[in-house]
Amino acid sequence: RTHVLEPKHSSKAHNTYGIFHPVILHKGKVVGNWKKLTRKNGIEIETTFFNKTGAPGKRKLERAINRYIEFMKR
């Protein structure tokens, strides 16, 4: 895990048993978390990042979110 995740962010990325929460990967590193929110008009994805630097660009993240939302509609 230390190759893809800074130890100081371990508690944000996985539980004490080592099971990962939904994480955001960028350039081979865990950079944040995401959460699916169910709304009346569909689903939304909420994201949080561990650091301000190293996060994927806004367009890249939006494309990934849109692909996931389309997948969930099936």
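Values below: every heavy atom of this structure, side chains too, minus hydrogens, waters and symmetry copies.
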Heavy-atom side-chain contact between Asn33 and Pro22 under 4.5 Å: no
For Glu46, check side-chain hydrogen bond (donor to acceptor under 3.5 Å, both in side chains) against everything at least two apart and list the hits. none
Taking side-chain hydrogen bond (donor to acceptor under 3.5 Å, both in side chains) as the cut-off, I'd like each qualifying pair that reaches into residues 13-32, sequence neighbours left out, listed once. none
Using every non-hydrogen atom in the two residues, find where Ala13 and Val23 come nearest and quote the distance to one decimal. O-CG1, 3.8 Å
Under 4.5 Å between side-chain heavy atoms, chaining through other members, with only Ile, Leu, Val, Met, Phe, Trp and Tyr counted: pull out the rest of the cluster around Ile65, sorted by chain and number. Ile24, Val31, Trp34, Ile43, Ile45, Phe49, Leu61, Tyr68, Ile69, Phe71, Met72
Assess whether a salt bridge exists between Arg67 and Glu70, defined as any Lys/Arg side-chain N lying under 4.0 Å from an Asp/Glu carboxylate O. no
Under a 4.5 Å cut-off applied to non-hydrogen side-chain atoms, are Glu6 and Phe50 in contact? no
Side chain to side chain, Lys35 and Thr48, heavy atoms closer than 4.5 Å: no
So NZ of Lys60 and CZ of Arg63: to nearest 0.5 Å the spacing works out to 7.0 Å
